[in-house]
Amino acid sequence: MILGIDIGNTTVEFGLIESLDEIHSMKFSTDLDKTPDDWILNVDFFIKYFSVDLKSIKNILISSVVPHIETKIRVAILKYFNKSPLFIGKDLNIPIKVNYDDPSQVGVDRLLNSYASFHITKPPILCIDFGTAITFDVVSKKGEYEGGLIFPGMETSLKCLFSKTAKLPKVSLEKPDYIVGKNTVKSIQSGIYYGYLSLVEGIIKKVEESYKEKFNIILTGGNADIIAINLKRKFIFEPKLPMKGIFYLAKSLM
């Protein structure tokens with residue numbers, strides 16, 4: 001069994017990976033103030049929740065975009081499992097050619113998603129991850145990472161709107177029934193939802209026009225499902241894409 005840990009800006013996901021079809025995961029808040037002992041409590045809760053035999057975990061791989069808590073989680077894992085984890089991008093490279101001006105600037109999460117993507121569908125691929133930021137990542141027909149686009153995420157935009165305006169209320173992210181809102185809350189929800197839906201459809205079109213090719217589309221991330229409802233384009237929805245990337249990397253070690 002593989003223990004995958006995906007450290008993101010909003011949540012840290014722990015995943016038990018038996019196979020591509022058997023992934024059990026749980027998310028905890030990315031709290032920068034947590035100590036290694038706090039993380040040990042989270043790990044212990046996760047392990048006991050799924051009744052895991054510690055001896056069954058053969059590899060522990062971590063993908064992280066939050067350097068501030070990496071050492072804390074490394075210490076917690078070492079104490080709990082008596083085993084050092086491998087950090088992707090540091091202890092373990094992702095085997096994909098990167099055609100970026102400075103490859104060291106590409107987030108590990110983006111490369112991991114791209115690596116997982118070409119195991120799932122045929123390139124060229126546009127992988128769209130709906131997280132704290134929304135990233136569009138291009139995998140060429142040769143299976144090489146070309147680069148992409150980064151936008152503020154849907155929740156991030158909502159929080160920014162609320163924090164920067166005096167009279168607009170804080171609202172939840174949801175799909176409105178109608179595009180034209182009849183009150184302030186519905187107007188904000190409609191603006192965010194249909195604005196981002198149009199953004200996604202527009203970027204897909206622009207990327208395909210730029211490359212003069214039809215791309216296979218993969219959606220992942222916390223808010224992908226709400227956009228997928230109305231996306232007028234064939235796509236693959238992979239909510240566990242980072243964990244599948246960790247699985248493919250771990251298999252290369254065996």
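This chain uses plain numbering: 1 for the first residue, then up along the sequence.
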When you measure from the side chain of [X] to the backbone of [Y], do you find a donor-acceptor pair of N or O atoms at a distance under 3.5 Å?
{"X": "S63", "Y": "I88", "answer": "no"}
{"X": "E13", "Y": "I5", "answer": "no"}
{"X": "S210", "Y": "K206", "answer": "no"}
{"X": "D91", "Y": "F87", "answer": "yes"}
{"X": "K83", "Y": "I57", "answer": "yes"}
{"X": "K34", "Y": "S29", "answer": "yes"}
{"X": "S190", "Y": "K186", "answer": "no"}
{"X": "E155", "Y": "L173", "answer": "no"}
{"X": "N216", "Y": "K122", "answer": "yes"}
{"X": "D31", "Y": "D33", "answer": "yes"}

Quick one, [X] and [Y] - any side-chain contact, counting heavy atoms below 4.5 Å?
{"X": "N183", "Y": "S187", "result": "no"}
{"X": "Y193", "Y": "I226", "result": "yes"}
{"X": "T220", "Y": "F130", "result": "no"}
{"X": "L16", "Y": "M1", "result": "yes"}
{"X": "Y80", "Y": "L54", "result": "yes"}
{"X": "F46", "Y": "L3", "result": "yes"}
{"X": "V138", "Y": "I125", "result": "no"}

For [X] versus [Y], what's the shortest heavy-atom pair and its separation?
{"X": "P95", "Y": "Y115", "result": "CG-CE1, 3.4 Å"}
{"X": "A228", "Y": "F235", "result": "CB-CZ, 3.5 Å"}
{"X": "G4", "Y": "M243", "result": "O-CE, 3.5 Å"}
{"X": "V139", "Y": "F215", "result": "O-CE2, 4.1 Å"}
{"X": "F247", "Y": "S19", "result": "CE1-CA, 3.9 Å"}

Next item on the list: Assess K72 against W39: is NZ or CZ under 6.0 Å from the centre of the six-membered ring, and within 45 degrees of the ring's axis?
Entry: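 Here K72 fails the 6.0 Å and 45° test against W39.
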
Nearest 0.5 Å please: distance from the [atom1] atom of [X] over to the [atom2] atom of [Y].
{"X": "I40", "Y": "F81", "atom1": "CD1", "atom2": "CZ", "result": "10.5 Å"}
{"X": "Y211", "Y": "L126", "atom1": "OH", "atom2": "CG", "result": "9.5 Å"}
{"X": "I128", "Y": "S117", "atom1": "CD1", "atom2": "OG", "result": "10.5 Å"}

Note to self: Does D102 form a side chain to side chain donor-acceptor pair (under 3.5 Å) with S104? I'd like the steps, not just the answer.
What the structure shows: CA-CA 5 Å; D102 180 355; S104 67; 2.7 Å; yes

Checklist line | Salt-bridge contact E201-R233 (side-chain N to carboxylate O under 4.0 Å) | finding: no

Check: Which of parallel (below 30°), tilted (30 to 60°) and perpendicular (above 60°) describes F136 and F151?
Finding: perpendicular

Next item on the list: Could you please spell out the steps behind the side chain to side chain donor-acceptor pair (under 3.5 Å) verdict for N99 and K97?
Entry: CA-CA 7 Å; N99 298 326; K97 188 173 187 296; 2.8 Å; yes

Within a radius of less than 6.0 Å around [atom1] of [X], do more than 12 heavy atoms belonging to other residues, nucleotides or ligands occur?
{"X": "N82", "atom1": "CG", "answer": "no"}
{"X": "D101", "atom1": "CG", "answer": "no"}
{"X": "F50", "atom1": "CZ", "answer": "yes"}
{"X": "F237", "atom1": "CZ", "answer": "yes"}

Next item on the list: Evaluate the side chain to side chain donor-acceptor pair (under 3.5 Å) criterion for residues Y196 and S157: first the C-alpha distance (whole Å), next the side-chain angles of each, then the deciding distance (0.1 Å), finally the verdict.
Entry: CA-CA 10 Å; Y196 273 92; S157 291; 2.5 Å; yes

Next item on the list: Check side-chain hydrogen bond (donor to acceptor under 3.5 Å, both in side chains) between Y145 and all other residues, then give those that pass, not counting sequence neighbours.
Entry: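 Y145: side-chain hydrogen bond (donor to acceptor under 3.5 Å, both in side chains) contacts with R110, D137.
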
Margin query: Taking side chain to side chain contact (heavy atoms under 4.5 Å, CB included) as the criterion, tell me which of V43, L41, N42, T11 meets it with F28.
Written below: N42

Check: For I69 and T30, what are the C-alpha separation, side-chain angles and deciding distance, and is it a side chain to side chain contact (heavy atoms under 4.5 Å, CB included)?
Finding: CA-CA 8 Å; I69 64 173; T30 304; 3.8 Å; yes

